[in-house]
Amino acid sequence: MNEFDKLKEKLKEKGFKLTTQRRVILDVIMENKNKHLSSEEIYDLVKRKYPEIGLATVYRTLQLFEELGLVYKLNFDDGRNRYELYQEDSHQHHHLICLKCGNVIEMEGDLLEDLEKLIEKTKDFEIIDHNVKFYGYCSNCRNKV
C-alpha cells in the first residue's frame with residue numbers, strides 16, 4: 001500500500017470520505033513533503049488546482065487532518081502554523097530554523113534517543129514524542145554578511 005492509500009484508509013477508518021477538496025489538499029501536502037507549508041501557502045497551491053476552494057475549507061481540512069494524525073502542526077515561532085505529513089515509522093525529527101530568511105531545514109536522525117531512554121528509566125515516564133528546534137543562520141545568510 002502506498003503512502004496516499006494509507007492516508008486514505010486512515011480517513012475511511014475514522015468515518016470520513018476523501019472528498020475532492022480533501023484529496024487536493026492532501027495531494028499538495030504530499031507534493032511538498034519537505035517544505036513545511038503554512039495554511040496560506042497550502043491554500044495558494046490548492047487554489048491553482050481547485051479554484052473554487054475557500055480558505056476556510058483549507059483551515060477546516062488541515063484541522064481534521066491533524067486530529068486524525070495525518071499531519072503534524074508545527075510552530076516555528078514566526079506567527080504561522082506549518083504542516084508536514086505524519087511519518088508513522090519515525091519519531092519527530094528536528095528542525096534548523098534560519099533567523100534571517102526563515103528557511104527550515106530538517107535534521108534527520110533522532111538525536112535524543114539515548115536521553116529519552118534515560119528519562120524513561122530514571123523518571124518512570126513514558127515518552128511518546130518530542131520536538132526540537134535549533135535557531136541560527138543558514139549558510140546562504142551567513143555568506144551574505
Side-chain angles (χ1 to χ4, degrees), residues 1-46 49 53-145:
M1 190 180 291
N2 67 30
E3 191 172 22
F4 183 80
D5 289 336
K6 287 179 187 175
L7 296 171
K8 184 178 168 183
E9 189 60 34
K10 257 189 176 179
L11 271 171
K12 190 176 175 182
E13 286 171 6
K14 303 286 184 174
F16 294 94
K17 293 180 180 177
L18 185 62
T19 63
T20 303
Q21 294 93 333
R22 290 175 184 158
R23 181 181 182 107
V24 174
I25 293 167
L26 199 52
D27 284 345
V28 164
I29 294 169
M30 290 180 74
E31 290 165 5
N32 295 278
K33 263 187 195 178
N34 299 319
K35 292 191 181 172
H36 305 94
L37 298 174
S38 69
S39 309
E40 294 78 13
E41 290 168 328
I42 292 169
Y43 170 70
D44 289 341
L45 293 169
V46 168
K49 295 180 174 201
I53 200 160
L55 183 57
T57 300
V58 173
Y59 281 132
R60 282 192 307 272
T61 302
L62 290 171
Q63 183 177 359
L64 174 66
F65 286 177
E66 182 190 9
E67 289 169 6
L68 297 177
L70 301 178
V71 297
Y72 279 120
K73 180 167 58 172
L74 303 164
N75 182 340
F76 295 136
D77 301 325
D78 63 352
R80 301 187 303 174
N81 290 319
R82 297 171 185 272
Y83 296 87
E84 70 181 11
L85 281 176
Y86 173 76
Q87 302 293 323
E88 198 171 289
D89 56 347
S90 70
H91 247 349
Q92 185 72 282
H93 49 266
H94 311 299
H95 297 94
L96 312 176
I97 303 159
C98 181
L99 293 169
K100 188 166 188 173
C101 70
N103 188 30
V104 177
I105 303 163
E106 289 189 3
M107 181 73 190
E108 294 302 325
D110 191 346
L111 305 173
L112 300 178
E113 197 169 311
D114 291 337
L115 179 59
E116 280 188 7
K117 289 176 185 171
L118 177 66
I119 291 169
E120 286 183 342
K121 183 178 179 183
T122 61
K123 301 296 181 187
D124 191 28
F125 185 84
E126 180 186 3
I127 297 173
I128 304 301
D129 206 352
H130 64 264
N131 187 340
V132 177
K133 299 177 263 188
F134 295 94
Y135 296 91
Y137 298 97
C138 69
S139 60
N140 288 336
C141 291
R142 278 196 336 267
N143 292 333
K144 288 180 184 176
V145 177

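For this chain, numbers begin at 1 and follow the sequence in order. Note that this is a predicted model, so its numbers are computed, not measured.
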Requested in this report: Kindly compute the distance separating OH (Tyr72) from CG (Asn75), expressed to the nearest 0.5 Å.
Outcome: 15.5 Å
Query raised in the report: If we only count heavy atoms from C-beta on, is the Phe65 to Ile25 side-chain gap below 4.5 Å?
Result: yes
**Report entry** Leu26 vs Lys8 side-chain heavy atoms within contact, under 4.5 Å
**Finding:** no
Report task. Check each of Arg80, Glu41, Glu106, Arg82 against His36 using the side chain to side chain donor-acceptor pair (under 3.5 Å) test, and report the only one that passes. Result -> Glu106
Query raised in the report: Is any side-chain N of the basic residue among Lys49 and Glu31 closer than 4.0 Å to the acidic one's carboxylate O?
Result: yes
**Report entry** Stepwise side chain to side chain contact (heavy atoms under 4.5 Å, CB included) test for Leu68 and Leu11
**Finding:** CA-CA 7 Å; Leu68 297 177; Leu11 271 171; 3.4 Å; yes
Report summary line: So NZ of Lys117 and CG of Leu115: to nearest 0.5 Å the spacing works out to 11.5 Å
Report task. Quick one: closest heavy-atom pair of Lys10 and Gly69, and the distance? Result -> NZ-O, 3.3 Å
Query - Phe76-His95 aromatic ring centre distance below 6.0 Å - result: yes
Query raised in the report: Just wondering, do Leu112 and His94 contact through their side chains at under 4.5 Å, heavy atoms?
Result: yes
Report summary line: Residues pairing under salt bridge (charged side-chain N to carboxylate O under 4.0 Å, His left out) where one sits in residues 56-70, two or more places apart or in two chains, turn out to be Glu66-Lys73
Query raised in the report: Does CG in Asp124 sit with more than 12 non-hydrogen atoms of other residues, nucleotides or ligands closer than 6.0 Å?
Result: no
Query - Criterion side chain to side chain contact (heavy atoms under 4.5 Å, CB included) on Leu62 and Ile42, from CA distance to verdict - result: CA-CA 10 Å; Leu62 290 171; Ile42 292 169; 3.9 Å; yes
Query - Check: Phe134 and Ile97 side chains under 4.5 Å, non-hydrogen atoms - result: no
Requested in this report: Dump the intermediate steps for side chain to side chain contact (heavy atoms under 4.5 Å, CB included) on Gln21 and Val58, then the final yes or no.
Outcome: CA-CA 8 Å; Gln21 294 93 333; Val58 173; over 6 Å; no
Query raised in the report: Just by distance, do the side chain of Thr57 and the backbone of Ile53 share a donor-acceptor pair under 3.5 Å?
Result: no
Query raised in the report: Under the side chain to side chain donor-acceptor pair (under 3.5 Å) test, which residues partner Lys133, sequence neighbours left out?
Result: none
Query raised in the report: Can you tell if the side chain of Leu85 reaches within under 4.5 Å of the side chain of Ile29, non-hydrogen atoms only?
Result: yes
**Report entry** Minimum side-chain heavy-atom gap Leu64-Phe16 below 4.5 Å
**Finding:** yes
Report task. Would you name the heavy atoms of Ile127 and Glu120 that are closest together and state the gap between them? Result -> N-OE2, 2.8 Å
Query raised in the report: How far apart are the C-alpha atoms of Tyr86 and Leu70, what are their side-chain angles, what is the distance that settles it, and do they pass the side chain to side chain contact (heavy atoms under 4.5 Å, CB included) test?
Result: CA-CA 5 Å; Tyr86 173 76; Leu70 301 178; 5.7 Å; no
**Report entry** Residues Glu84, Lys35: salt bridge by 4.0 Å N-O rule
**Finding:** no
Query raised in the report: Which atom names give the shortest non-hydrogen contact between Tyr59 and Ser39, and what distance separates them?
Result: CE2-CB, 3.3 Å
Query - Distance in Å, Ser38 OG paired with Tyr83 OH, rounded so as to fall on 0.5 Å steps - result: 9.0 Å
Query raised in the report: Counting only heavy atoms not in Met107, do more than 12 sit closer than 6.0 Å to its CE atom?
Result: no
Query - Reported CG-to-CG distance for the pair Asp27 and Leu45, which is rounded to 0.5 angstrom - result: 11.5 Å
Report task. Would you name the heavy atoms of Cys138 and Cys98 that are closest together and state the gap between them? Result -> N-SG, 3.4 Å
**Report entry** Main-chain N/O of Lys17 paired to Arg22 side chain as donor or acceptor, under 3.5 Å
**Finding:** yes
